[in-house]
Number of protein chains: 2
Amino acid sequence: MSAHGSLELSRQLRPLLTRVYQMVRRRSPGWDISAAQSSVLTTLMDRGALRMGELAVIEGVRMPTATSVVARLVKLGLVERIADPQDRRAVLVGITARGSAQISELVAERNARFAELLARLSDEERRLLRAAVPAMAHLVALDIAPKDPADTEL
Amino acid sequence: MSAHGSLELSRQLRPLLTRVYQMVRRRSPGWDISAAQSSVLTTLMDRGALRMGELAVIEGVRMPTATSVVARLVKLGLVERIADPQDRRAVLVGITARGSAQISELVAERNARFAELLARLSDEERRLLRAAVPAMAHLVALDIAPKDPADTEL
DNA sequence: TATTGTTATACTCTATAACTATA
DNA sequence: TATAGTTATAGAGTATAACAATA
(Lines give C-alpha, C1' and ligand atoms only; values in the text may rest on other atoms or scores of the structure.)
Protein backbone atom coordinates (compact mmCIF):
# COMPACT_ATOMS: atom_id res chain seq x y z
CA MET A 1 0.00 0.00 0.00
CA SER A 2 2.95 2.28 0.52
CA ALA A 3 4.37 1.33 -2.87
CA HIS A 4 3.59 4.70 -4.39
CA GLY A 5 5.33 6.62 -1.66
CA SER A 6 8.35 4.35 -1.96
CA LEU A 7 8.73 4.97 -5.65
CA GLU A 8 8.54 8.71 -5.15
CA LEU A 9 11.10 8.51 -2.37
CA SER A 10 13.30 6.32 -4.55
CA ARG A 11 13.19 8.90 -7.33
CA GLN A 12 14.33 11.61 -4.93
CA LEU A 13 16.81 9.70 -2.89
CA ARG A 14 18.59 7.42 -5.34
CA PRO A 15 20.20 10.10 -7.52
CA LEU A 16 21.32 11.92 -4.40
CA LEU A 17 22.94 8.81 -3.01
CA THR A 18 24.76 8.29 -6.27
CA ARG A 19 26.06 11.83 -6.26
CA VAL A 20 27.18 11.75 -2.65
CA TYR A 21 28.92 8.45 -3.22
CA GLN A 22 30.83 9.88 -6.14
CA MET A 23 31.72 13.01 -4.20
CA VAL A 24 33.40 10.97 -1.53
CA ARG A 25 35.03 8.46 -3.84
CA ARG A 26 36.03 9.99 -7.10
CA ARG A 27 37.95 13.01 -5.97
CA SER A 28 40.41 11.32 -3.72
CA PRO A 29 43.82 12.27 -4.99
CA GLY A 30 47.02 10.96 -3.56
CA TRP A 31 45.79 7.44 -2.91
CA ASP A 32 47.50 4.90 -5.04
CA ILE A 33 45.10 2.08 -4.41
CA SER A 34 41.99 1.54 -6.50
CA ALA A 35 38.41 1.07 -5.34
CA ALA A 36 38.57 -2.68 -5.93
CA GLN A 37 41.76 -2.90 -3.92
CA SER A 38 40.50 -0.85 -0.99
CA SER A 39 37.31 -2.89 -0.98
CA VAL A 40 39.29 -6.13 -0.65
CA LEU A 41 41.43 -4.64 2.09
CA THR A 42 38.44 -3.50 4.15
CA THR A 43 36.81 -6.89 3.72
CA LEU A 44 39.92 -8.67 4.98
CA MET A 45 40.24 -6.14 7.79
CA ASP A 46 36.66 -6.78 8.92
CA ARG A 47 36.57 -10.54 8.49
CA GLY A 48 40.13 -11.75 8.79
CA ALA A 49 41.79 -14.11 6.33
CA LEU A 50 39.48 -15.64 3.75
CA ARG A 51 39.71 -18.25 1.07
CA MET A 52 39.97 -16.93 -2.46
CA GLY A 53 36.48 -18.18 -3.31
CA GLU A 54 34.87 -16.64 -0.24
CA LEU A 55 36.54 -13.35 -1.01
CA ALA A 56 35.22 -13.44 -4.56
CA VAL A 57 31.66 -14.05 -3.33
CA ILE A 58 31.82 -11.25 -0.77
CA GLU A 59 33.30 -8.83 -3.28
CA GLY A 60 30.69 -9.86 -5.83
CA VAL A 61 33.24 -10.81 -8.48
CA ARG A 62 34.38 -14.00 -10.20
CA MET A 63 37.35 -15.94 -9.02
CA PRO A 64 39.72 -14.94 -11.79
CA THR A 65 39.03 -11.34 -10.87
CA ALA A 66 39.77 -12.02 -7.21
CA THR A 67 42.95 -13.80 -8.20
CA SER A 68 44.22 -10.84 -10.17
CA VAL A 69 43.26 -8.17 -7.65
CA VAL A 70 44.91 -10.19 -4.91
CA ALA A 71 48.01 -10.68 -7.06
CA ARG A 72 48.44 -6.92 -7.33
CA LEU A 73 47.89 -6.42 -3.61
CA VAL A 74 50.49 -9.08 -2.90
CA LYS A 75 52.92 -7.27 -5.16
CA LEU A 76 52.21 -4.10 -3.17
CA GLY A 77 52.83 -5.97 0.08
CA LEU A 78 49.32 -5.23 1.38
CA VAL A 79 47.99 -8.80 1.53
CA GLU A 80 49.57 -12.22 1.71
CA ARG A 81 48.66 -15.65 0.40
CA ILE A 82 48.78 -18.46 2.94
CA ALA A 83 48.47 -22.14 2.13
CA ASP A 84 45.43 -23.73 3.77
CA PRO A 85 46.66 -26.65 5.86
CA GLN A 86 43.25 -28.39 5.71
CA ASP A 87 42.83 -28.30 1.95
CA ARG A 88 45.83 -28.07 -0.28
CA ARG A 89 43.77 -26.81 -3.21
CA ALA A 90 42.74 -23.74 -1.26
CA VAL A 91 44.48 -20.45 -0.55
CA LEU A 92 43.91 -18.15 2.37
CA VAL A 93 44.23 -14.44 1.71
CA GLY A 94 45.14 -12.24 4.67
CA ILE A 95 45.89 -8.58 5.15
CA THR A 96 49.43 -7.61 6.17
CA ALA A 97 50.36 -5.08 8.84
CA ARG A 98 51.17 -2.63 6.10
CA GLY A 99 47.84 -3.25 4.40
CA SER A 100 46.06 -2.78 7.66
CA ALA A 101 47.80 0.51 8.35
CA GLN A 102 47.16 1.79 4.86
CA ILE A 103 43.45 1.02 4.84
CA SER A 104 42.97 2.61 8.25
CA GLU A 105 44.55 5.77 6.97
CA LEU A 106 42.43 5.75 3.85
CA VAL A 107 39.18 5.27 5.77
CA ALA A 108 40.13 8.05 8.17
CA GLU A 109 40.91 10.36 5.29
CA ARG A 110 37.60 9.67 3.57
CA ASN A 111 35.65 10.20 6.75
CA ALA A 112 37.47 13.46 7.37
CA ARG A 113 36.76 14.70 3.89
CA PHE A 114 33.08 13.81 4.12
CA ALA A 115 32.94 15.40 7.57
CA GLU A 116 34.19 18.66 6.09
CA LEU A 117 31.20 18.72 3.80
CA LEU A 118 28.82 17.81 6.61
CA ALA A 119 30.26 20.62 8.69
CA ARG A 120 29.03 23.08 6.09
CA LEU A 121 25.41 22.06 6.64
CA SER A 122 23.17 23.60 9.28
CA ASP A 123 22.73 21.95 12.67
CA GLU A 124 19.19 21.10 11.67
CA GLU A 125 20.31 19.41 8.46
CA ARG A 126 22.87 17.34 10.32
CA ARG A 127 20.20 16.38 12.84
CA LEU A 128 17.95 15.14 10.05
CA LEU A 129 20.75 13.12 8.49
CA ARG A 130 21.61 11.62 11.85
CA ALA A 131 17.98 10.69 12.36
CA ALA A 132 17.98 8.84 9.04
CA VAL A 133 20.98 6.66 9.88
CA PRO A 134 19.06 3.75 11.44
CA ALA A 135 16.72 3.59 8.44
CA MET A 136 19.71 3.47 6.08
CA ALA A 137 21.26 0.73 8.17
CA HIS A 138 18.02 -1.24 7.92
CA LEU A 139 18.03 -0.74 4.17
CA VAL A 140 21.54 -2.11 3.91
CA ALA A 141 20.62 -5.08 6.07
CA LEU A 142 17.70 -5.88 3.76
CA ASP A 143 20.06 -6.41 0.86
CA ILE A 144 21.99 -9.07 2.70
CA ALA A 145 18.83 -10.93 3.65
CA PRO A 146 18.04 -13.78 1.28
CA LYS A 147 15.48 -13.09 -1.37
CA ASP A 148 13.70 -16.43 -1.34
CA PRO A 149 9.98 -16.28 -1.92
CA ALA A 150 9.63 -17.55 1.63
CA ASP A 151 11.32 -14.42 2.93
CA THR A 152 8.92 -11.99 1.33
CA GLU A 153 7.40 -11.15 4.69
CA LEU A 154 10.61 -9.81 6.17
CA MET B 1 32.75 24.05 16.32
CA SER B 2 30.45 21.29 15.13
CA ALA B 3 33.43 19.52 13.60
CA HIS B 4 33.32 16.71 16.08
CA GLY B 5 29.67 15.91 15.45
CA SER B 6 30.32 16.00 11.72
CA LEU B 7 33.10 13.47 11.94
CA GLU B 8 30.98 11.12 13.97
CA LEU B 9 28.12 11.49 11.50
CA SER B 10 30.53 10.92 8.65
CA ARG B 11 31.72 7.69 10.22
CA GLN B 12 28.18 6.43 10.49
CA LEU B 13 26.76 7.70 7.26
CA ARG B 14 29.55 7.27 4.73
CA PRO B 15 29.82 3.47 4.83
CA LEU B 16 26.04 3.23 4.62
CA LEU B 17 25.96 5.44 1.55
CA THR B 18 28.60 3.29 -0.08
CA ARG B 19 26.65 0.14 0.63
CA VAL B 20 23.35 1.51 -0.60
CA TYR B 21 24.99 2.79 -3.75
CA GLN B 22 26.40 -0.63 -4.46
CA MET B 23 23.07 -2.32 -3.74
CA VAL B 24 21.38 -0.26 -6.38
CA ARG B 25 24.17 -0.41 -8.93
CA ARG B 26 26.03 -3.65 -8.80
CA ARG B 27 23.23 -6.14 -8.98
CA SER B 28 21.60 -4.87 -12.09
CA PRO B 29 21.51 -7.79 -14.49
CA GLY B 30 20.18 -7.56 -17.98
CA TRP B 31 21.54 -4.13 -18.76
CA ASP B 32 24.18 -4.14 -21.41
CA ILE B 33 25.46 -0.65 -20.86
CA SER B 34 28.22 0.11 -18.40
CA ALA B 35 28.24 2.68 -15.62
CA ALA B 36 30.42 5.05 -17.65
CA GLN B 37 28.05 4.74 -20.58
CA SER B 38 24.89 5.34 -18.58
CA SER B 39 26.54 8.29 -16.89
CA VAL B 40 27.29 9.90 -20.24
CA LEU B 41 23.76 9.24 -21.44
CA THR B 42 22.17 10.84 -18.39
CA THR B 43 24.46 13.83 -18.72
CA LEU B 44 23.49 14.33 -22.35
CA MET B 45 19.85 13.79 -21.45
CA ASP B 46 19.99 16.49 -18.77
CA ARG B 47 22.12 19.04 -20.59
CA GLY B 48 21.59 18.43 -24.27
CA ALA B 49 24.41 18.12 -26.80
CA LEU B 50 27.86 18.98 -25.49
CA ARG B 51 31.31 19.38 -26.91
CA MET B 52 33.64 16.48 -26.31
CA GLY B 53 35.76 18.52 -23.93
CA GLU B 54 32.80 19.75 -21.89
CA LEU B 55 31.55 16.21 -21.59
CA ALA B 56 34.95 15.05 -20.35
CA VAL B 57 35.01 17.76 -17.66
CA ILE B 58 31.49 16.98 -16.48
CA GLU B 59 32.18 13.25 -16.38
CA GLY B 60 35.44 13.89 -14.58
CA VAL B 61 37.55 12.04 -17.14
CA ARG B 62 40.25 12.95 -19.67
CA MET B 63 39.43 13.59 -23.26
CA PRO B 64 40.77 10.34 -24.67
CA THR B 65 38.48 8.52 -22.26
CA ALA B 66 35.50 10.57 -23.39
CA THR B 67 36.41 9.88 -27.00
CA SER B 68 36.45 6.15 -26.49
CA VAL B 69 33.30 5.94 -24.40
CA VAL B 70 31.49 8.07 -26.97
CA ALA B 71 32.85 5.89 -29.77
CA ARG B 72 31.25 2.82 -28.21
CA LEU B 73 27.97 4.63 -27.63
CA VAL B 74 27.99 5.73 -31.26
CA LYS B 75 28.52 2.14 -32.32
CA LEU B 76 25.53 1.18 -30.16
CA GLY B 77 23.46 3.91 -31.80
CA LEU B 78 22.82 5.67 -28.48
CA VAL B 79 24.64 8.93 -29.17
CA GLU B 80 25.70 10.80 -32.28
CA ARG B 81 28.60 13.04 -33.22
CA ILE B 82 27.70 16.31 -34.88
CA ALA B 83 30.16 18.71 -36.47
CA ASP B 84 30.21 22.11 -34.77
CA PRO B 85 29.49 24.73 -37.43
CA GLN B 86 31.25 27.48 -35.41
CA ASP B 87 34.52 25.66 -34.83
CA ARG B 88 35.61 22.95 -37.17
CA ARG B 89 38.00 21.46 -34.63
CA ALA B 90 35.13 20.74 -32.26
CA VAL B 91 32.60 17.92 -32.07
CA LEU B 92 29.17 18.04 -30.51
CA VAL B 93 27.95 14.87 -28.86
CA GLY B 94 24.19 14.38 -28.64
CA ILE B 95 21.92 11.62 -27.43
CA THR B 96 19.80 9.80 -30.02
CA ALA B 97 16.13 8.90 -29.63
CA ARG B 98 17.17 5.35 -28.96
CA GLY B 99 19.68 6.45 -26.33
CA SER B 100 17.06 8.61 -24.73
CA ALA B 101 14.58 5.77 -24.56
CA GLN B 102 17.12 3.35 -23.19
CA ILE B 103 18.35 5.60 -20.41
CA SER B 104 14.79 6.41 -19.37
CA GLU B 105 14.09 2.72 -19.06
CA LEU B 106 17.25 2.12 -17.08
CA VAL B 107 16.54 4.94 -14.65
CA ALA B 108 12.98 3.72 -14.19
CA GLU B 109 14.21 0.21 -13.53
CA ARG B 110 16.74 1.37 -10.94
CA ASN B 111 14.18 3.51 -9.19
CA ALA B 112 11.73 0.63 -9.13
CA ARG B 113 14.31 -1.72 -7.67
CA PHE B 114 15.29 0.75 -4.98
CA ALA B 115 11.62 1.42 -4.27
CA GLU B 116 11.11 -2.28 -3.59
CA LEU B 117 13.68 -2.10 -0.84
CA LEU B 118 12.22 1.12 0.54
CA ALA B 119 8.81 -0.52 0.62
CA ARG B 120 10.16 -3.06 3.09
CA LEU B 121 10.95 -0.35 5.64
CA SER B 122 8.45 0.93 8.18
CA ASP B 123 6.41 4.05 7.52
CA GLU B 124 8.43 5.81 10.18
CA GLU B 125 11.74 4.86 8.55
CA ARG B 126 10.54 6.12 5.20
CA ARG B 127 9.41 9.32 6.83
CA LEU B 128 12.88 9.85 8.30
CA LEU B 129 14.54 9.21 4.97
CA ARG B 130 12.18 11.61 3.24
CA ALA B 131 12.96 14.23 5.86
CA ALA B 132 16.68 13.87 5.10
CA VAL B 133 16.31 14.49 1.37
CA PRO B 134 16.76 18.29 1.44
CA ALA B 135 19.91 17.95 3.53
CA MET B 136 21.33 15.44 1.07
CA ALA B 137 20.49 17.77 -1.78
CA HIS B 138 22.32 20.56 0.00
CA LEU B 139 25.31 18.27 0.47
CA VAL B 140 25.40 17.49 -3.22
CA ALA B 141 25.14 21.17 -4.08
CA LEU B 142 28.12 21.93 -1.86
CA ASP B 143 30.35 19.74 -3.97
CA ILE B 144 29.55 21.63 -7.12
CA ALA B 145 30.30 24.96 -5.52
CA PRO B 146 33.80 26.20 -6.24
CA LYS B 147 36.33 25.61 -3.55
CA ASP B 148 38.16 28.89 -3.77
CA PRO B 149 39.38 30.29 -0.46
CA ALA B 150 36.91 33.11 -1.06
CA ASP B 151 34.01 30.65 -0.97
CA THR B 152 34.82 29.25 2.42
CA GLU B 153 31.88 31.08 3.98
CA LEU B 154 29.28 29.28 1.89
C1' DT C 1 33.93 -36.91 -10.49
C1' DA C 2 33.56 -32.50 -8.05
C1' DT C 3 35.83 -28.51 -6.15
C1' DT C 4 39.46 -24.78 -5.77
C1' DG C 5 42.15 -21.87 -8.13
C1' DT C 6 44.96 -20.24 -12.04
C1' DT C 7 45.96 -19.16 -16.86
C1' DA C 8 44.54 -17.52 -21.44
C1' DT C 9 42.03 -14.25 -23.78
C1' DA C 10 39.10 -10.37 -24.52
C1' DC C 11 36.52 -6.12 -23.53
C1' DT C 12 35.71 -1.63 -20.99
C1' DC C 13 37.47 2.28 -18.51
C1' DT C 14 41.13 4.85 -17.44
C1' DA C 15 45.54 7.59 -18.11
C1' DT C 16 49.72 9.96 -20.47
C1' DA C 17 52.20 11.10 -24.59
C1' DA C 18 52.35 12.07 -29.29
C1' DC C 19 49.90 13.48 -33.16
C1' DT C 20 46.42 16.08 -36.56
C1' DA C 21 43.59 19.74 -37.75
C1' DT C 22 41.86 24.12 -37.00
C1' DA C 23 41.87 28.90 -34.67
C1' DT D 1 51.37 29.35 -31.06
C1' DA D 2 47.32 27.60 -28.70
C1' DT D 3 43.25 24.71 -28.62
C1' DA D 4 40.04 20.56 -29.73
C1' DG D 5 40.19 16.22 -30.48
C1' DT D 6 42.16 11.54 -31.88
C1' DT D 7 45.45 7.77 -31.94
C1' DA D 8 48.94 4.89 -29.70
C1' DT D 9 50.00 2.49 -25.82
C1' DA D 10 49.61 0.69 -21.22
C1' DG D 11 47.52 -0.83 -16.85
C1' DA D 12 43.43 -2.11 -13.84
C1' DG D 13 39.04 -4.43 -13.41
C1' DT D 14 35.93 -7.39 -15.26
C1' DA D 15 34.23 -11.76 -17.61
C1' DT D 16 34.13 -16.66 -19.80
C1' DA D 17 36.47 -20.79 -21.15
C1' DA D 18 39.99 -24.04 -20.55
C1' DC D 19 43.21 -26.00 -17.55
C1' DA D 20 45.76 -27.97 -13.19
C1' DA D 21 45.79 -29.79 -8.73
C1' DT D 22 43.56 -31.75 -4.97
C1' DA D 23 39.48 -33.87 -2.53
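Numbered from 1 within each chain, the chains take letters A, B, ... in sequence-line order. Side chains are part of it too, since the values below use all heavy atoms of this structure and drop only hydrogens, waters and symmetry mates.
- Annotation: side chain of Pro134(B) is not in contact with side chain of Glu124(A) (no heavy-atom distance under 4.5 Å).
- A 4.0 Å heavy-atom criterion places the boundary nucleotides of DNA chain C facing chain B at dT12(C) to dA23(C), written 5' to 3'.
- Classification of Glu8(B) and Arg11(B) as a salt-bridged pair holds, one side-chain N sitting under 4.0 Å from a carboxylate O.
- If you measure from atom CZ of Arg62(A) to atom C1' of dA18(D), you get 16 Å, rounded to the nearest angstrom.
- Between the side chain of Arg130(B) and the backbone N or O of Glu125(B), no donor-acceptor pair lies under 3.5 Å.
- For DNA chain C, the neighbouring residues in residues 74-93 of chain A, judged by any heavy atom under 4.0 Å, are Arg81(A), Arg89(A), Ala90(A), Val91(A).
- A 4.5 Å side-chain heavy-atom check between Ile95(A) and Glu80(A) finds every atom pair outside the cut-off.
- The distance between atom CG of Leu55(A) and atom P of dG13(D), rounded to the nearest whole Å, is 13 Å.
- With the nearest nucleotide of DNA chain D identified for both Ala66(B) and Pro64(A), Ala66(B) has the one nearer the 5' end.
- The two residues Ser10(B) and Ala115(A) have their closest heavy-atom pair at OG-N, 3.6 Å.
- A donor-acceptor pair is defined here as one N or O able to donate and one able to accept, closer than 3.5 Å; such a pair exists between the side chain of Arg126(B) and the backbone of Leu118(B).
- Taking the nucleotide of DNA chain D with the nearest heavy atom to each of Gln37(A) and Glu54(B), the more 5' of the two is matched to Glu54(B).
- Contact annotation for Met63(B): base contact, defined as any heavy-atom pair under 4.0 Å involving a base atom.
- Salt bridge Arg51(A)/Asp87(A): present, at least one basic N to carboxylate O contact under 4.0 Å.
- In this structure, the side chains of Leu41(B) and Val79(B) come closer than 4.5 Å at one or more pairs of heavy atoms.
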